[in-house]
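The chains referred to below are lettered A, B, ... by the order of the sequence lines, with proteins before strands, and numbering in each begins at 1.
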There are 2 protein chains.
Amino acid sequence: MSLFFEGAEKKLEVVVSETGPNLRHLGMDFWQALVASADADILSQVSNDYLDSYILSESSLFVWDNKLVMLTCGGTRLVDALLHFIQCIGVDVISFVSFQRKNEFIAALQPSTFAEDIALIRQHITGKAYRIGHLDSHHHYLFHSPKPYPKAQKEITCELLMYHISGDIADYLRSEAQEAAVIRQKLQLSTLFADFILDDHLFSPFGYSVNGIKDDKYFTIHISPQEQSAYVSIETNLDLAHYRVPVFANLLARLKPSSWDIIGFNLAHEEKEFHAHLCLGSCSITTSLGYNIHFSHYQQSCKEVLIPEFM
Amino acid sequence: MSLFFEGAEKKLEVVVSETGPNLRHLGMDFWQALVASADADILSQVSNDYLDSYILSESSLFVWDNKLVMLTCGGTRLVDALLHFIQCIGVDVISFVSFQRKNEFIAALQPSTFAEDIALIRQHITGKAYRIGHLDSHHHYLFHSPKPYPKAQKEITCELLMYHISGDIADYLRSEAQEAAVIRQKLQLSTLFADFILDDHLFSPFGYSVNGIKDDKYFTIHISPQEQSAYVSIETNLDLAHYRVPVFANLLARLKPSSWDIIGFNLAHEEKEFHAHLCLGSCSITTSLGYNIHFSHYQQSCKEVLIPEFM
């Protein structure tokens with residue numbers, strides 16, 4: 001049986017009100033304890049005037065004055081980081097929480113289900129939760145707090161999740177002698193994200209994470225190339241609909257996934273530069289907070305010859 | 001949150017050698033204990049000169065003189081029925097075992113994983129195991145014992161698994177006042193399976209199982225129409241490639257699933273009468289025992305508008 005790693009991420013976003021603390025002043029010990037509560041570690045950190053970016057042993061953390069975005073993969077317990085945060089900061093200064101989970105490759109190996117996670121969150125914060133997508137296909141779970149907050153309708157986030165990558169770059173990512181600089185070059189990060197401060201990490205035996213920041217913008221890419229569960233995600237708060245490069249089409253062309261998902265918040269997303277595909281399902285909803293959530297699941301348009309995996 | 005029921009079945013097939021007992025002589029107490037060991041019950045039984053057919057609280061059991069086929073859905077532990085059978089009969093008179101699991105809608109709710117199941121089986125019987133299909137899409141797990149037995153290359157089985165049924169018949173199956181006779185008529189069972197002895201059961205609040213037998217042939221249909229996990233399976237040892245009616249195309253046209261799988265053993269399967277579809281992935285392998293296994297995953301060819309499921 002080939003190596004397995006659960007690349008699919010859980011994602012937490014928290015916004016604190018003006019009466020709350022400046023999150024960037026809470027100090028490294030605070031963030032180390034928060035990350036540890038999710039069963040992950042901080043590996044490195046870069047900062048600019050707007051935000052601090054952390055590479056974690058399982059994905060990434062971004063901290064602005066009044067907001068945090070945390071993604072963790074593997075068997076982490078991200079919900080525990082939220083509970084830890086609420087315990088330290090108090091629930092009253094929290095303006096907004098969203099908690100998401102993408103369906104995992106092997107859900108049975110996770111320490112909790114999304115339903116169990118939101119039962120814990122709802123002991124502190126009421127909120128709406130839904131699943132988008134069928135249980136037997138790619139699907140996405142989302143919880144958000146009920147109170148509208150002023151910026152909710154303007155903030156943009158988008159995610160591209162790619163499954164079963166193939167081709168030269170995929171082969172390189174699964175090879176034994178990789179270098180971070182070569183991965184950056186193969187993904188053309190300096191073209192796609194010119195002038196971003198980059199912080200990256202190569203895992204053993206493989207796996208690659210990179211955070212990039214520029215002003216108040218971030219992107220993060222996580223690569224788990226293991227054959228039977230190959231997964232690459234990118235997430236950013238850039239407005240890709242009005243960006244100078246078609247970032248998602250570019251990455252799809254390089255990484256050649258057999259299927260992929262796009263999840264967007266307030267993003268007018270664009271698929272016309274994607275390679276040949278079929279959109280199997282799509283959902284666009286406007287939440288009670290006034291922002292829009294979009295989910296689409298895509299599949300390459302050719303039939304795949306499946307290879308049995310011996311167990 | 002709408003009702004959830006795990007329709008996806010586990011399947012066990014065991015063949016005993018000429019030195020073993022006649023399975024049909026083992027008596028009702030034996031089969032009741034075997035079924036109970038998997039955490040299910042026998043609801044009814046019909047027989048002919050060749051085999052005994054049992055409707056279970058979770059799916060079905062068929063018993064011939066030297067063979068059993070057992071399917072169980074929900075949260076049953078079918079592997080425990082195999083361990084019970086080995087304990088009662090002894091491993092030496094077993095000529096052949098195959099144990100299969102279709103990926104479940106919510107794998108995390110299952111009492112065991114396939115990997116855990118085959119670790120238990122391998123304490124008694126060595127054998128090959130594989131997964132066909134990606135972990136994040138429809139996939140199928142199969143274990144089989146290593147010894148060839150004479151009839152392996154001739155026996156045919158085929159399964160059609162339908163997901164997210166829609167249309168008039170699906171609506172009826174989810175309605176409150178169903179009747180078994182009406183379901184039989186809507187599925188045209190008397191046309192598709194003329195001269196079969198039928199035994200069926202209507203579950204509450206919904207759900208329907210039917211077994212049919214004729215000579216040494218059987219078919220079994222299980223319907224779990226619950227909205228978010230709607231699933232209908234049919235399995236038979238009829239040679240559908242040389243049958244007078246295109247059974248699978250007929251059921252697909254009536255039940256209008258958004259996706260479906262076909263799993264065949266030694267079956268030249270035929271998809272030309274299916275409604276518009278895309279075959280997303282396919283695998284055909286010949287095992288070391290000389291028989292052929294085929295798996296194909298299909299999707300309707302139109303894009304689906306996904307409806308969020310509140311939690």
May I ask you to test the B/E6-B/Q110 pair for a side-chain heavy-atom distance under 4.5 Å?
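When only atoms from C-beta onward are counted, B/Q110 and B/E6 do touch, with a gap below 4.5 Å.
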Sort [X] into side chain, backbone, both or neither according to what part of it lies under 4.5 angstrom from a heavy atom of chain A.
{"X": "B/I307", "value": "backbone"}
{"X": "B/T113", "value": "side chain"}
{"X": "B/L280", "value": "both"}
{"X": "B/H139", "value": "neither"}

Counting heavy-atom pairs closer than 4.5 Å to chain A, which one of B/L135, B/L278, B/D136, B/I285 comes out on top?
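Of B/L135, B/L278, B/D136, B/I285, B/D136 has the most heavy-atom pairs under 4.5 Å with chain A.
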Partner chain A: residue of B/C279, B/A107, B/G133 with the largest heavy-atom pair count (under 4.5 Å)
B/C279
Any donor-acceptor N/O pair, B/N266 side chain to B/E155 backbone, under 3.5 Å
yes
Does the plane of the ring in A/H277 sit parallel, tilted or perpendicular to the ring in A/W260? Use 30° and 60° as the thresholds.
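Ring orientation of A/H277 relative to A/W260: perpendicular.
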Name the option with the most non-hydrogen atom pairs under 4.5 Å to chain B; the candidates are [options].
{"options": "A/Q299, A/K303, A/H134, A/K128", "value": "A/H134"}
{"options": "A/S282, A/A108, A/A129", "value": "A/S282"}
{"options": "A/F295, A/Y141, A/Y163", "value": "A/Y163"}

Among B/E9, B/H164, B/H222, side chain to side chain donor-acceptor pair (under 3.5 Å) partner for B/Y231:
B/E9
Determine the sole option in B/I125, B/T126, B/V14 for which the side-chain contact (heavy atoms from CB on, under 4.5 Å) test with B/S145 is passed.
B/I125
Residue part contacting chain B, namely of [X], when any heavy atom lies under 4.5 Å:
{"X": "A/S259", "result": "side chain"}
{"X": "A/F105", "result": "both"}
{"X": "A/I118", "result": "side chain"}

Between atom CE of B/M162 and atom CG of B/L251, what is the distance when rounded to the nearest 0.5 Å?
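Those atoms lie 5.0 Å apart.
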Rounded distance [0.5 Å steps], NE2 in B/H144 versus CD in B/E13:
12.0 Å
Using a strict threshold of under 4.0 Å (side-chain N to carboxylate O), is an ion pair present between B/E159 and B/K11?
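Salt bridge: yes.
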